[in-house]
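Being a predicted model, the structure only gives us computed values, none of them experimental. So you know, we letter chains A, B, ... as the sequences are listed, proteins then strands, and number each from 1.
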There are 2 protein chains.
Amino acid sequence: MTERFARRIPEPTVVRLPLYRRVLVELSSRAVTTVSSAELAAAAGVNAAKVRKDLSHLGTYGTPGTGYDVDFLLGQIRRELGLDSEWRVAIAGMGNLGHALARSQGFSGQGFSVVALLDVDPAKLGEVVAGVQVRHLTELPEVAAETCPSIGVIASPPGAAQDVCDRLVAVGIGAVLNFAPAIVTVPPHVLLRQVDFAVELQVLGFYLAHREAAEPRADMSRPAL
Amino acid sequence: MTERFARRIPEPTVVRLPLYRRVLVELSSRAVTTVSSAELAAAAGVNAAKVRKDLSHLGTYGTPGTGYDVDFLLGQIRRELGLDSEWRVAIAGMGNLGHALARSQGFSGQGFSVVALLDVDPAKLGEVVAGVQVRHLTELPEVAAETCPSIGVIASPPGAAQDVCDRLVAVGIGAVLNFAPAIVTVPPHVLLRQVDFAVELQVLGFYLAHREAAEPRADMSRPAL
DNA sequence: CATTGTGAACGCCTTCACAGCC
DNA sequence: GGCTGTGAAGGCGTTCACAATG
């Protein structure tokens with residue numbers, strides 16, 4: 001029980017915390033005060049043992065015989081996820097995906113705020129989306145100096161992804177979320193996460209093609225979610 | 001070596017196959033005829049041992065001392081992913097995200113084709129995106145009868161996600177890809193995969209908040225991708 | 001008495017390391 | 001000599017099952 005070092009939380013657990021958080025927000029809004037691991041598990045689509053083990057990584061917040069206090073647990077998860085501070089997000093690439101992300105409620109509020117939008121298409125420059133004006137990608141140094149984003153989102157065409165990524169890294173971004181169907185690389189100190197629609201579709205294609213051969217479990221959500 | 005039963009391929013391997021495929025397509029277009037596991041690994045952002053183990057699940061396709069034949073391997077992966085047949089995709093929800101998906105090259109060609117677009121907004125009905133007309137969600141039974149989609153994509157607001165999902169399942173869809181930030185459930189015989197932007201962002205927030213405490217590896221791509 | 005927290009068992013993927021082959 | 005394929009070892013998350021607890 002050496003708690004001297006910050007307890008490491010397994011990545012699969014980290015990925016499930018936002019799910020629990022969403023369920024708890026919903027419960028809280030319905031004025032539910034208590035949840036058991038079984039209820040939380042059902043709502044989040046996982047099993048109860050996993051919920052308990054996951055939450056035990058955060059601390060001892062449950063009450064035997066009763067369950068977890070919804071609001072208290074919500075606060076702990078929010079704190080653990082670093083959602084007390086507001087992370088500033090810059091989105092590069094304002095095609096349909098960029099627009100969708102900029103307007104997504106997950107990107108504004110809830111601990112995140114979109115502070116910069118970039119593109120290279122003259123037709124899009126100046127447009128205001130979600131209260132933020134689209135600026136030219138080459139102006140990124142100035143835009144970054146003004147808005148200090150800590151997370152950069154790549155929503156550009158695949159061919160431009162690495163260039164966009166390099167520019168984001170150059171202005172000191174700490175984390176990159178890449179939606180372009182291309183593998184981008186970052187220096188070791190920069191966090192990177194990739195989301196690839198085409199991959200998801202191909203994974204479904206694989207299991208569809210093989211489904212009668214050897215029935216996989218129906219729910220194979222989140223290899224990374 | 002009982003090969004009587006279709007060799008099961010681990011899900012993490014299935015998720016990486018589309019990555020290898022993308023690299024091979026690129027190599028093939030540059031007329032490269034051979035790759036070693038080390039080269040493929042570098043381009044896909046994984047390590048060489050993993051590449052070899054992954055590919056060994058498909059068969060014995062490499063040549064010691066030389067590597068893998070690019071075009072042959074590409075064909076094998078394509079076949080394994082079920083991309084010989086064209087999977088028909090229906091997209092429900094034609095907001096910015098739906099548009100982005102409909103136009104995405106990953107959703108047209110490459111073994112997939114968008115055959116149906118659904119929405120409930122009168123302003124969007126009739127619009128043609130990527131050569132397909134947007135129809136009302138309530139017409140799904142007729143649309144499905146005409147186009148026989150086997151994959152349904154949910155790009156609707158979260159509140160409508162389960163209803164949309166139920167409608168897709170009701171018309172016999174075999175797999176669902178959910179982009180709405182909501183947990184949807186499907187019958188056991190239907191495949192389900194979830195992609196959640198908000199979760200990805202929150203995971204980055206977690207590691208940003210903890211990064212100096214206990215440096216995680218920089219590349220934490222694809223928990224589920 | 002319902003429910004948590006957690007050691008222990010389990011299963012599975014990853015990584016290693018090297019024999020075998022071109 | 002270079003590189004693949006793969007048993008074996010290792011690491012890690014999941015699941016089990018139950019003692020502890022309000």
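By the 4.0 Å N-to-carboxylate-O rule, B/E26 lies close enough to B/R30 to be salt-bridged with it.
Only one option out of B/D54, B/V46, B/L19, B/L73 pairs with B/L40 in a side-chain contact (heavy atoms from CB on, under 4.5 Å); it is B/L73.
The closest donor-acceptor contact from the side chain of B/R21 to the backbone of B/I77 lies at 3.5 Å or more, if one exists at all.
Nearest heavy atoms, A/S150 versus A/W87: OG-CE3, 3.4 Å.
Dashed line: the shortest gap from a side-chain N or O of B/R8 to OP1 or OP2 of C/dC13 is under 4.0 Å. In this structure, A/Y68 reaches the C/dG5 phosphate: one of its side-chain N or O atoms is under 4.0 Å from OP1 or OP2. In this model, the phosphate group of C/dT14 is not approached by any side-chain N or O of B/N47 to a distance below 4.0 Å at OP1 or OP2. Put simply, A/K50 has a side-chain N or O that comes within less than 4.0 Å of OP1 or OP2 on D/dT15. Between D/dT4 and B/S37, a contact under 4.0 Å exists linking OP1 or OP2 to a side-chain N or O.
What separates CG of B/L55 from P of D/dC3 is a distance of 16 Å, to the nearest Å. What separates CG of A/L58 from C1' of C/dT4 is a distance of 14 Å, to the nearest Å. When the P atom of C/dT4 is taken as reference, atom OH of A/Y20 falls 12 Å away, rounded to whole Å. A/R16 places its CZ atom 12 Å from the C1' atom of D/dT15, with the value rounded to the nearest Å. Rounded to an integer number of Å, the gap from NZ of B/K53 to P of D/dG10 is 15 Å. The CG-C1' distance, from A/L17 to D/dG13, rounds to 15 Å in whole Å. In this structure, A/Y61 atom OH and C/dT3 atom C1' are separated by 19 Å, rounded to whole Å. Going from atom CZ of A/R52 over to atom C1' of D/dC16 covers 10 Å, rounded to whole Å.
Ring geometry for A/F179 versus A/F197: interplanar angle of 30 to 60°, hence tilted.
Looking at heavy-atom distances under 4.0 Å, A/G65 makes contact with a base. Counting non-hydrogen atoms under 4.0 angstrom, A/T13 reaches nothing in the nucleic acid.
Sequence order on DNA chain C of the closest nucleotides to B/T66 and A/A49 puts A/A49 first from the 5' end. Heavy-atom nearest nucleotides on DNA chain D were determined for A/P64 and for A/P10, and the one closer to the 5' end corresponds to A/P10.
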